[in-house]
Amino acid sequence: MRKKIVAANWKMNLTLHEGADLVNELFKGMPTLTESKIVVIAPPYVNLHQTSSQLAGMMNVHLGAQNCHHEAAGAYTGEISAAMLQSAEVAYVIVGHSERREYCKEDDATIAKKVNQALAHGLNVIFCCGEPLEIRDADTQNQYVESQIKAGLFHLGEERLDNIVIAYEPIWAIGTGRTASTTQAQDMHKHIRSVIAAQYDAHVADAMPILYGGSCKPSNAAELFACADVDGGLIGGASLKAGEFLGIIEAMVAAN
Ligand code: 13P
């Protein structure tokens, strides 16, 4: 059975104290999770150590990071390596988020190197893909997302795919309040799974969690997670409020 995952991407939000309070609130309300229904929390780097200690008492809630550098180590002032994340007990790292592609000019080649660094250091990768509005309007989103996946993942051998989660985040839905419809989400997730099956095999594609991200909230999580190929969500804004994030987690726990 493939995993269902709800992952929080706090982005550049919350101070240390605010982050600690939020995790305490989550702790109080967290429903029972299992190894196949898990939560990931990806705070800013400075919160990692603190969040790691707080998560020690929580079953099946894992620590995530929002990025890692594409080189192993060296003179890269201000950057954080995959080895550092591993030493901070990070289990998942978000790679290729559209905000980093846009604002930090991360290209496909850099993203592929980040994937390699993360896997080489025992981290699971949440690999983000998703199209801008003009691509959706031109109805070429399938080709666009397929090319992101090819460039970022297809150099990997099949055995590495166990540690990959894909997050489909249409850019026009991120932070806009405009969620993809269940049909749009399901169609793209099915397409992504067929792209993985064609390159690897159906077994690998079946086992891969594919998350949806983009204005996911308690009011739409249940219908999104009910889609056959939607295995959970990567949550931005709604992950910053305990009540909302717990509502989304509950929708995942209730989903078949
Ligand atoms: P929102 O949930 O705020 O739309 O953000 C989604 C996202 O980018 C998660 O990585």
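In what follows, every heavy atom counts, from backbone to side chain, and hydrogens, waters and symmetry copies are set aside. For the single chain, residues carry numbers from 1 onward in sequence order. Atoms within a ligand are numbered from 1 in the order they appear, just like the ligands themselves.
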Determine whether Phe27 and Val253 fall in the same hydrophobic cluster, where Ile, Leu, Val, Met, Phe, Trp and Tyr are linked whenever their side-chain heavy atoms lie under 4.5 Å apart. yes

Group every Ile, Leu, Val, Met, Phe, Trp and Tyr by side-chain heavy-atom contacts under 4.5 Å, then state whether Ile111 and Phe154 land in the same group.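 Yes, Ile111 and Phe154 fall within the same hydrophobic cluster.
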
Determine whether any heavy atom of Ser215 lies closer than 4.0 Å to an atom of ligand 1.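 Yes.
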
If you measure from each heavy atom of Lys11 to ligand 1, is any distance below 4.0 Å? yes

Heavy-atom closest pair (Leu211 atom, Ile5 atom, distance to 0.1 Å) is CD2-O, 3.6 Å

I need the minimum non-hydrogen distance between Cys216 and Leu224, along with the two atoms involved. SG-CD1, 4.1 Å

Give yes if a backbone or side-chain nitrogen or oxygen of Ile235 is under 3.5 Å from a nitrogen or oxygen of ligand 1, and no if not.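 No, Ile235 has no N/O under 3.5 Å of an N/O on ligand 1.
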
Should you measure from each heavy atom of [X], which atoms of ligand 1 turn up under 4.0 Å away?
| X | answer |
| --- | --- |
| His97 | 7 (C), 8 (O), 9 (C), 10 (O) |
| Gly214 | 4 (O), 6 (C) |
| Gly237 | 1 (P), 2 (O), 3 (O) |
| Ala173 | 4 (O) |

Salt bridge (charged side-chain N to carboxylate O under 4.0 Å, His left out) with Asp108: of Lys114, Arg101, Lys113, only one passes, and it is Arg101

Are Asp229 and Lys190 close enough for a salt bridge, meaning some N to O gap below 4.0 Å?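 Here Asp229 does not pair with Lys190 in a salt bridge, since their nearest N and O are not under 4.0 Å apart.
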
